2 protein chains.
Amino acid sequence: MGISDRKEREKTELRSLILKAAKKLFLEQGIEKTSIRNIADAIEYSPGTIYHYFQDKDSIFHEIHTEGFQELGKKMAVLHEVENPFERLKAMGKIYIKFAFENTDMYDLMFIKQAPMDFLEKMDCEWDEGQATFDVLRHTVQGCMEQGYFKGQELEAVTFMVWSAVHGMVTLNLRHRCKVVNAHTPDEIVHASFQSFIKLVEQQ
Amino acid sequence: MGISDRKEREKTELRSLILKAAKKLFLEQGIEKTSIRNIADAIEYSPGTIYHYFQDKDSIFHEIHTEGFQELGKKMAVLHEVENPFERLKAMGKIYIKFAFENTDMYDLMFIKQAPMDFLEKMDCEWDEGQATFDVLRHTVQGCMEQGYFKGQELEAVTFMVWSAVHGMVTLNLRHRCKVVNAHTPDEIVHASFQSFIKLVEQQ
DNA sequence: AATATATTTGAACACTGTTCAATAAACCAA
DNA sequence: TTGGTTTATTGAACAGTGTTCAAATATATT
């Protein structure tokens, strides 16, 4: 079946061409400028074609969001080298914040935008990407607890709290709610408040 | 000038009629269904009329966002009765979380959506509503520090960190990122992690 | 009553996501 | 090579979006 193999290959090629164009537009011009028609223009196909490779716009953004998690995962890979759990937690926070600042639109898509979650809801799927990332964090927090941090606390609640703290800092920035903070650039205030959070955990 | 007085009154009346209809649509059907045409339909005027009372859609949502801050402010008023700064901080957090859960769309508009911030940017205005709220929080955190909490920390960084933690918990919920947390309803996990945060501050 | 001012209208512009009948291309058997 | 079948692609159409603006209407003043 050499012919049907090629056809299969061509189908996945056009699919990834659409995805590549969508991601390029998304990263260069933001989610607002990434319309179906703009993607179609970029690859010189008609808008209708896109709907033979993706069920809707949300599914395209869900795939881009997944690529975002792969990129974040790569950056987190270095954490394997950090044996001390609390050092690993600190390093993880720094990588997370750095990723958010260097990939604002991608972070937005991964953790704020509705599109990827709407897609999962429609497909009745789990949020595997988020789950895997949360599991890594949970494991690190558990290591910290075994070393005496977060004394008398519940693992799941602490893990979510740690995530929330960092996510909060980042998103208040991304959505321009940091104007109210004195004497710091948006970048500085996030790093200062992250240090502040770490101090809080250390000083138990 | 009785006539021009009445005309002035009629102008502000139509203006607030637009705003009232916009807020009703916003609260009942969400921001997506609140289009200029839907607002115009609701008050039985043509879409063009709205642009004689508001410069654009963002300015309407900015005004609704301001009403949201007034409502949050009212709920925060009871905090004057709590003299102990740390008790006040805890109570403030609970009111903030309760407000977010009971007014999800409004919280979204106040702290996540771009619209109100885009309006301020265009008008070259300060975010007075956010500023006032942050000032109240800063004052409470300062009180806590004077009582020995957040030892050796910087006021501005701690205040932002506290806000971030609570904002993070709330927004991960509102944007459906809590599926990854085990054995809790979205509501429960937020309260558990808020308690977890409070414990962290207490156990210094 | 005629003029001047203020208000309101709704069509038009340039977009959006999505659908679908029609067209074009590719493939396969005779 | 021809004819028929399957597959891929098209682009117009639908129902919506924010926004603008000349024209029509309503109100007020002389």
Side-chain angles (χ1 to χ4, degrees), chain A residues 1-19 21-22 25-26 29-64 109 113-119 121-123, chain B residues 1-19 21-22 25-26 29-64 109 113-119 121-123:
Chain A
M1 294 282 185
I3 286 163
S4 64
D5 274 6
R6 177 176 56 78
K7 298 207 90 182
E8 192 76 18
R9 210 168 55 238
E10 278 173 6
K11 270 212 88 145
T12 61
E13 263 167 30
L14 184 44
R15 203 191 130 90
S16 63
L17 187 69
I18 294 167
L19 217 51
L25 269 168
F26 171 70
Q29 322 227 121
I31 200 164
E32 242 74 271
K33 298 271 165 198
T34 311
S35 69
I36 298 294
R37 279 174 184 80
N38 287 348
I39 298 167
D41 281 355
I43 56 169
E44 292 174 297
Y45 275 83
S46 86
T49 304
I50 291 172
Y51 284 88
H52 286 96
Y53 295 85
F54 295 92
Q55 71 162 233
D56 57 18
K57 210 193 167 189
D58 284 348
S59 92
I60 295 174
F61 281 114
H62 174 263
E63 288 226 20
I64 295 175
L109 182 63
K113 286 266 146 61
Q114 309 276 20
M117 297 297 124
D118 286 352
F119 174 79
E121 205 68 47
K122 270 179 290 191
M123 299 281 97
Chain B
M1 295 282 188
I3 286 163
S4 63
D5 273 8
R6 177 176 57 78
K7 299 206 88 181
E8 192 76 18
R9 209 168 55 237
E10 279 174 4
K11 269 211 89 143
T12 62
E13 263 168 29
L14 184 45
R15 202 191 131 91
S16 62
L17 187 69
I18 293 168
L19 217 51
L25 269 168
F26 171 70
Q29 320 226 113
I31 200 165
E32 241 74 90
K33 297 271 163 200
T34 312
S35 68
I36 298 293
R37 280 174 183 81
N38 287 348
I39 299 167
D41 282 356
I43 58 170
E44 291 173 298
Y45 275 82
S46 86
T49 303
I50 291 173
Y51 285 87
H52 286 96
Y53 295 85
F54 295 92
Q55 69 162 233
D56 57 19
K57 210 193 169 191
D58 285 347
S59 93
I60 296 175
F61 282 114
H62 175 264
E63 287 225 19
I64 294 175
L109 182 63
K113 286 264 146 64
Q114 308 276 18
M117 296 298 124
D118 286 352
F119 174 78
E121 205 68 47
K122 270 179 291 192
M123 298 280 97

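Just so it is clear, the values below take in all heavy atoms, side chains as well, and ignore hydrogens, waters and symmetry mates. The structure displayed is predicted, hence computed values, not measured ones. Just so we're on the same page: letters track the sequence lines, and every chain starts at 1.
Applying the side chain to side chain contact (heavy atoms under 4.5 Å, CB included) rule to Tyr45(B) yields the partners Leu14(B), Ile43(B), Thr49(B); only residues at least two apart in sequence or on another chain are considered.
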Measure all distances between protein nitrogen or oxygen atoms and nitrogen or oxygen atoms of nucleotides 17-20 of chain D, and list the pairs falling under 3.5 Å.
{"from": "dT17(D)", "atom 1": "OP1", "to": "Ser35(B)", "atom 2": "OG", "distance (Å)": "2.7"}
{"from": "dG18(D)", "atom 1": "OP1", "to": "Ile36(B)", "atom 2": "N", "distance (Å)": "3.3"}
{"from": "dG18(D)", "atom 1": "OP1", "to": "Lys57(B)", "atom 2": "NZ", "distance (Å)": "2.9"}
{"from": "dG18(D)", "atom 1": "OP2", "to": "Ile36(B)", "atom 2": "N", "distance (Å)": "3.0"}
{"from": "dG18(D)", "atom 1": "N7", "to": "Arg37(B)", "atom 2": "NH1", "distance (Å)": "2.7"}
{"from": "dG18(D)", "atom 1": "O6", "to": "Arg37(B)", "atom 2": "NH2", "distance (Å)": "2.8"}
{"from": "dT19(D)", "atom 1": "OP2", "to": "Tyr51(B)", "atom 2": "OH", "distance (Å)": "2.5"}
{"from": "dT19(D)", "atom 1": "OP2", "to": "Lys57(B)", "atom 2": "N", "distance (Å)": "2.9"}
{"from": "dT19(D)", "atom 1": "O5'", "to": "Tyr51(B)", "atom 2": "OH", "distance (Å)": "3.1"}
{"from": "dT19(D)", "atom 1": "O4", "to": "Arg37(B)", "atom 2": "NH2", "distance (Å)": "3.3"}

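A straight line from CD1 of Ile18(A) to P of dT18(C) spans 13 Å, rounded to a whole angstrom. Note: CG (Asp41(B)) to P (dT8(C)) measures 16 Å, nearest angstrom. As a whole-Å value, the separation of Phe54(A) CZ from dG17(C) C1' is 16 Å. In this structure, Phe61(A) places its CZ atom 15 Å from C1' of dT18(C), rounding to the nearest Å. To the nearest angstrom, P of dC15(C) lies 19 Å from CD1 of Ile31(A). Separating the CG atom of Leu25(A) from the C1' atom of dG17(C) is a distance of 16 Å, rounded to the nearest angstrom. Atom OH of Tyr45(A) is separated from atom P of dA25(C) by 12 Å (rounded to the nearest Å). dG10(C) atom P lies 12 Å from atom CD of Glu44(B), rounded to whole Å.
Considering only the side chain of Lys11(A), dA8(D) comes nearest among dT9(D), dT8(C), dA8(D).
Within the cation-pi definition used here (under 6.0 Å to the ring centroid, within 45° of the axis), Lys113(B) does not qualify as a partner of Phe61(B).
No side-chain heavy atom of Lys33(B) sits less than 4.5 Å from a side-chain heavy atom of Phe26(B). Counting heavy atoms from C-beta outward, Ile36(A) and Ile60(A) have side chains that approach closer than 4.5 Å.
Within 6.0 Å of the CD atom in Glu121(A), the count of heavy atoms belonging to other residues, nucleotides or ligands does not exceed 12.
Ser46(B) has no side-chain polar atom (N or O) that falls below the 4.0 Å cut-off from OP1 or OP2 of dG10(C).
With Asp58(A) contributing its side chain and Pro116(A) its backbone, the two residues share no donor-acceptor pair below 3.5 Å.
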